[in-house]
Every structure is written in C-alpha cells, then in structure tokens.
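Chain A is the first sequence line, chain B the second, and so forth, proteins listed ahead of strands; every chain is numbered from 1. Keep in mind that the numbers below use all heavy atoms, side chains included, and drop hydrogens, waters and symmetry copies.
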Protein chains: 2
Amino acid sequence: MPKPDTQPARSIDINYQTLNRFVGYHMKRAFNVVQADLTQTLKPFDLRMLTYTALVLIVDNPGLSQSQLAAAMDIERPNLVVIVDELERRDLIVRNRVPADRRAYALKATLAGRRLYEKAVAAVVAHEARLFANLDTDTRDALIKALSTVRRNQNT
Amino acid sequence: MPKPDTQPARSIDINYQTLNRFVGYHMKRAFNVVQADLTQTLKPFDLRMLTYTALVLIVDNPGLSQSQLAAAMDIERPNLVVIVDELERRDLIVRNRVPADRRAYALKATLAGRRLYEKAVAAVVAHEARLFANLDTDTRDALIKALSTVRRNQNT
DNA sequence: TATTGTTATACTCTATAACTATA
DNA sequence: TATAGTTATAGAGTATAACAATA
C-alpha cells in the first residue's frame, strides 16, 4: 500500500484496536455527534439540551416540582435552579406556590413556553430524521431497545 | 389503577411521552449509566476516561504526536496538554523530542504505563461484560453497527 | 427531624486566543 | 507563513455542604 511521495501533511493512520472492542467507546463517539448536532438544532430557539429537556418535561407534566424535575432529569437540585431561573426569566414557565405545601413550586409552561416547545420539538424531530436516516425503523427500534436494556442494568 | 391511600412520599409518575420518542434521549440516558460505571471502574487505577483513553491510544500507537492524539481523541490540543502532563508525571509515558521535527513530541508508554494499561483494560472488559450482560453477541454487534452508522452521518 | 428551594463552591470537560520555538 | 506545543481564560455541566422556610 504505497503512500504518495509528497505526503499530505503527514497522513495519520491511528490504530484503534483496543478502543474499538468496547461498546461504551462507540456510544460516546456516536453520542458526541448527536449532541453536537442537537446543540446546533436548538441554538435558533436559544435553548440548550438542559433547558430544552426541562421545558419538555414541564409541558408534559404541568405542576411538577423542582425536586421531581431534577429527579426526572437525573441532575442535582442545585443545578436545576439556574435552569428554571432562565426559563422563568424568559417567561416560558411560571413558578406557582403550592398551597398544600408552601415549600414547593408548581412549575407550569406559559403559552409562549408551549409555543416554543412545539417549534423546538418539531426541529428535534427533523434533526433525528436527518441523523438516523440510514437506520430503518426496525434497526432504530432495536437500538432503542438495546439502549433501554443497558440503562436497566444500572444497579447490577 | 388505584394508588395506596397513604402515599409513599408523594409518588412520582413522570410523563416522558415526548422525550421517549427520541433516539438521542435514550442514547444520553444509556451513556450516562455507562460513563458513571466506567468512572468507578477506572478509579482504582487513578484514571479518568480521558487519561485512560490517552494511555490506550499511546500504547497502541507508540511515537504519535500530541496533535495526532488530540485529533484521535476529538479534543482540542490545549486540553490534551494537562492529560499528557499527568501521564508523564506519573511515569506512565515519556515525551521524546522528534529529531526530524524538533517542535513535536513522540509519545511512548513506559513499562509502568503498559502494565497499568493491561490492568485497566482488563477491568474495563469486565465492566462491559457486566453492563451489557443482557445483550447477546448479535444484539451487541448490531448496536455497535448502528452507532457507527450514526457517527458516519456526521457530515450529512 | 425531614424536605424544598437556594447559595456558594469546586471540579471536570470543553473551547478560543495568543504566545514560543521551531519548520 | 505555518505548525507543535503551551499558557491563560472562560464557559458549560456536575457534585457536595450548608442555609432559610416550611412541613
């Protein structure tokens, strides 16, 4: 396999033999691609993955508390505060005091929040269609099923 | 579906209908599990994902430069410096000047580095066997193939 | 006592600009 | 001028301790 005499900026030909054996490595590389594309997809809406996920969960679960949302997002409560702050400052959600438990807030999306949700979700649907275009429906379902199985092995 | 009268700390029953439609969401959740477990797996060796990956690539590609390693790891050159610093400080690798190009370093693992590599890789093999125990070989191969396909869609 | 939301803080990972020494 | 490695720095994301208000 002869290389051209004038090497194109010292061609690199890295050996990945060890890393390629690991599923986790492939997951990281693939997820990096998805995340980078999703970040670009959400940028026109001024949303990050975290603010997007929070907005989606609040729209789908009106009235949930910050503790519940943090648990659903698998992040610590302190880290959720700034996320909810941002959504509230942009009038996408409201924090309503719960009469039955005055420590907690009931989070609810505003009309503007629901409208942004609709637009952002549509954009993410298009982003997924683009990124997973080469996978037929069966393969995609199998991928989701395998990923869910991995997640269920968490406590093993 | 009646709930018990005495609710166990206000049982949460979050609606994930929107997020569950997205492959990327399942990838993130699964990868979080894998990453958390891998972090614990590498802790006894005083390695993080980045130092582990760098060590593996240096062992498998003796003499490669920091630029090549950064490209292989998909990180910026400045961020690699501290990683290589740490591996060198622990005498796991050496930075040799390249006579032909005195700007570059040729990275090489020491004997101690190759020994730690052997132990860490064995631990990661066990970690993967544990995490992906519920997936048969065919499913695992299909998962890797699907993830590789996603990665190849990067420039679409 | 325990829990909700909060502040402060720290650590990791990531990204960019600008420098040095070589080429 | 361009590249390899470096420094400094700033931004995300994440994790823990400790506090006020409320239960």
Side-chain angles (χ1 to χ4, degrees), chain A residues 7-12 28-29 31-33 35-36 38-40 42-43 46-54 58 63-89 93-107, chain B residues 7-12 28-29 31-33 35-36 38-40 42-43 46-54 58 63-89 93-107:
Chain A
Q7 291 181 344
R10 196 205 289 193
S11 64
I12 41 178
K28 178 175 173 58
R29 297 301 291 251
F31 180 64
N32 279 354
V33 172
Q35 191 175 33
L38 181 61
T39 299
Q40 288 310 113
L42 294 175
K43 188 168 276 182
D46 258 309
L47 290 169
R48 290 163 293 132
M49 249 182 57
L50 285 170
T51 50
Y52 164 76
T53 306
I58 293 169
L64 91 169
S65 70
Q66 292 188 191
S67 287
Q68 290 170 330
L69 180 54
M73 291 178 65
D74 234 322
I75 64 176
E76 299 302 317
R77 267 82 71 209
N79 297 325
L80 183 65
V81 173
V82 289
I83 295 168
V84 172
D85 280 350
E86 181 177 335
L87 293 175
E88 187 189 38
R89 180 181 48 74
I93 65 162
V94 289
R95 280 197 252 228
N96 290 327
R97 279 290 179 198
V98 179
D101 184 347
R102 298 196 47 258
R103 292 172 302 182
Y105 286 121
L107 305 176
Chain B
Q7 291 179 343
R10 198 207 285 193
S11 64
I12 41 177
K28 178 176 172 56
R29 296 302 290 251
F31 180 64
N32 279 354
V33 172
Q35 190 175 34
L38 181 61
T39 299
Q40 288 310 113
L42 294 175
K43 188 168 279 180
D46 258 310
L47 291 170
R48 291 163 292 130
M49 251 181 54
L50 286 170
T51 50
Y52 164 75
T53 306
I58 294 169
L64 91 170
S65 70
Q66 292 188 193
S67 288
Q68 290 171 330
L69 181 54
M73 291 177 66
D74 233 323
I75 65 177
E76 299 302 318
R77 267 82 73 211
N79 297 326
L80 183 66
V81 173
V82 289
I83 296 169
V84 172
D85 280 349
E86 181 179 335
L87 293 175
E88 186 189 38
R89 181 181 47 73
I93 66 161
V94 288
R95 278 197 251 230
N96 290 325
R97 280 289 180 199
V98 180
D101 184 347
R102 296 197 46 261
R103 293 171 302 179
Y105 286 120
L107 304 176

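- Of the two residues contacting DNA chain D, namely A:Arg102 and B:Ser67, the nearest-nucleotide position lying further toward the 5' end is that of B:Ser67.
- Here the P atom of nucleotide C:dG5 and the CD1 atom of A:Ile83 are 14 Å apart, to the nearest Å.
- Rounded to whole Å, atom C1' of D:dG13 lies 10 Å from atom CE of A:Met49.
- Contact annotation: B:Arg95 does not reach the phosphate of D:dA4 (side-chain N/O to OP1 or OP2, under 4.0 Å).
- To the nearest 0.5 Å, atoms OG1 (A:Thr39) and CZ (A:Arg48) are separated by 10.5 Å.
- The backbone N or O of B:Ser65 lies less than 3.5 Å from a partner atom in the side chain of B:Gln68, making a donor-acceptor pair.
- Without hydrogens or angle criteria, A:Arg97 side chain to A:Arg102 main chain gives a donor-acceptor distance under 3.5 Å.
- No engagement by A:Arg97 is indicated, since no non-hydrogen atom pair under 4.0 Å with the nucleic acid exists.
- At a threshold of 4.5 Å between non-hydrogen side-chain atoms, the residues B:Val94 and B:Glu88 do not count as touching.
- Whole-Å rounding puts the A:Leu42 CG to D:dA12 C1' distance at 15 Å.
- Atom CG in B:Asn32 sits roughly 15 Å away from atom C1' in C:dT12 (whole-Å rounding).
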- Task: Mind running side-chain contact (heavy atoms from CB on, under 4.5 Å) on B:Arg77 and B:Gln66 for me, showing each step along the way?
- Result: CA-CA 7 Å; B:Arg77 267 82 73 211; B:Gln66 292 188 193; 5.7 Å; no
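- Distances shorter than 4.0 Å separate some side-chain N or O of B:Gln66 from OP1 or OP2 on D:dT6.
- Listed in residue order, the members of residues 73-80 of chain A having a heavy atom less than 4.0 Å from DNA chain D are A:Ile75, A:Glu76, A:Pro78, A:Asn79.
- One interatomic measurement links the two molecules: CZ of B:Arg103 to P of C:dT22, which rounds to 10 Å at whole-angstrom precision.
- For B:Leu47 and C:dT12, the CG to P distance is 14 Å, given to the nearest whole Å.
- Checking side-chain atoms of A:Thr51 against main-chain N and O of A:Leu47 turns up no donor-acceptor pair under 3.5 Å.
- Summarising the geometry of A:Ala72 relative to B:Arg29, their closest heavy-atom pair is O-NH1, 3.2 Å, with the distance given to 0.1 Å.
- Here C:dG5 presents its C1' atom at 11 Å from CG of A:Asp101, a figure rounded to the nearest Å.
- Among the nucleotides C:dT14, D:dG13, C:dA23, the one closest to any side-chain atom of A:Leu50 is D:dG13.
- In the set C:dG5, D:dT6, D:dA23, the nucleotide with an atom closest to the side chain of B:Tyr105 is D:dT6.
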